[in-house]
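What follows is a set of notes on a single structure, which appears directly below.
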Protein chains: 2
Amino acid sequence: MRDLDLTFSALADPTRRKILAMLLEDDMAVTDVAAPFDISLAAISKHLGILSRAGLLSQERRGRVVWCKLEPQSLRDASIWMQGFGQFEPVNLDPFEQFLASEGLIGAPGDAIDD
Amino acid sequence: MRDLDLTFSALADPTRRKILAMLLEDDMAVTDVAAPFDISLAAISKHLGILSRAGLLSQERRGRVVWCKLEPQSLRDASIWMQGFGQFEPVNLDPFEQFLASEGLIGAPGDAIDD
DNA sequence: AGGACGTTCAACCATCGGGTTAAGTGACAC
DNA sequence: GTGTCACTTAACCCGATGGTTGAACGTCCT
């Protein structure tokens, strides 16, 4: 429970949140994670390192490919911490619908379209 | 919903999380918020500004004293975002017990005692 | 009016974070 | 072995962040 610093600062970056949302659909190789972004592969590698150190994803090398897998446990810890600040009823969107919401594709009309 | 950047980066700092936990018990004046910390009042003022900009608290000037009040709505937004990554059942600790947990005073024995 | 109190602002410093490019490593293909 | 592919590391740049001190501002007291 003492990695809230790591967890929250990892989540503070929109690129990293988007990566997590991508991994929600399936495990991915580093190169494939990098594909939708306009930044260098090295930058993505750093982002993945940060997410990994925060426990938000795990990386497993298979041959020369490194597979990235979402690890929701740290998110769960952070979520528990948050729930101390109000009785937030669970929303129960299914993961894919939630992914869309995080993209701003559904939800309040004023929302921006990044993340 | 598009201030997740602000919300998460505000939450990434242990001083600020502790401030939020303090405000969970009651509204406080800036000076009183600063009291338990070893850093300058100006630094606390900056932290409060960051929390305020993130929508995590509101500040109301009454006379010469500025009252700080917890605003859980942004936490709620962030919590909703998180719940897309797993079916996290709500934990339903009451707020004070949760505050203790965030202090490391209850919970897993290996936990550190900061935040 | 003058002074003390509560808070913020301004200037500065050191460290961190996200980005770059270029070089390095390790596994597969020929 | 040579080359290519999939990454990671190293060195660097620059803007953001967390801290400081000292001055400024607005409010209350006498």
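Look at CG on B:D5: it is 13 Å from P on D:dA16, rounded to the nearest Å. Atom pair B:L41:CG and C:dC9:C1' shows a separation of 12 Å (rounding to whole Å applied). Rounding to whole angstrom units, CD1 of residue A:I44 and P of D:dT9 are separated by 16 Å. Distance, A:I39 CD1 to C:dG17 C1': 12 Å, rounded to whole Å. To the nearest angstrom, P of C:dG6 lies 9 Å from CG of B:D32. Distance CZ (A:R17) to C1' (C:dG18): 15 Å, rounded to an integer number of Å. The CG-C1' distance, from A:L48 to D:dA6, rounds to 13 Å in whole Å.
To the nearest 0.5 angstrom, B:S9 atom OG is 6.5 Å from B:R16 atom CZ. Separation of atoms CG (B:L57) and NE2 (B:H47) is listed at 12.5 Å; rounding is to 0.5 Å. Once rounded to the nearest 0.5 Å, the distance linking CD of B:Q73 with OG of B:S79 reads 11.0 Å. In this structure, the separation between CG on A:L11 and CG on B:L11 is 9.5 Å, given to the nearest 0.5 Å. Rounded to the nearest 0.5 angstrom, A:T15 OG1 and A:L51 CG are separated by 10.0 Å. Atom CD1 of B:I19 sits about 11.5 Å away from atom CG of B:L70, to the nearest 0.5 Å.
As judged by a 4.0 angstrom heavy-atom cut-off over every strand, B:A42 is placed among the base-contacting residues.
Using a 4.0 Å cut-off between a side-chain N of Lys or Arg and a carboxylate O of Asp or Glu, B:R53 and B:D3 do not qualify as a salt bridge.
The side chain of A:K46 has C:dG19 as its nearest neighbour among D:dT20, D:dC7, C:dG19.
The stretch residues 49-61 of chain B touches DNA chain D through B:I50, each having a heavy atom within less than 4.0 Å of the strand. Looking at residues 62-69 of chain A, you'll see A:R64, A:V65, A:V66 sit with a heavy atom under 4.0 Å from some atom of DNA chain D.
Distances shown here put a side-chain N or O of B:H47 below 4.0 Å from the OP1 or OP2 atom of D:dG19. At the phosphate of D:dC7, OP1 or OP2 sits under 4.0 Å from a side-chain N or O atom of A:T31.
The 5' end of DNA chain C is approached more closely, in terms of each residue's nearest nucleotide, by B:S45 than by the other of A:D13 and B:S45.
Side-chain atoms of A:V66 and A:R61, non-hydrogen and from C-beta on, do get closer than 4.5 Å to each other.
With hydrogens and angles ignored, the 3.5 Å screen pairs no side-chain donor or acceptor of B:S74 with any backbone N or O of B:T7.
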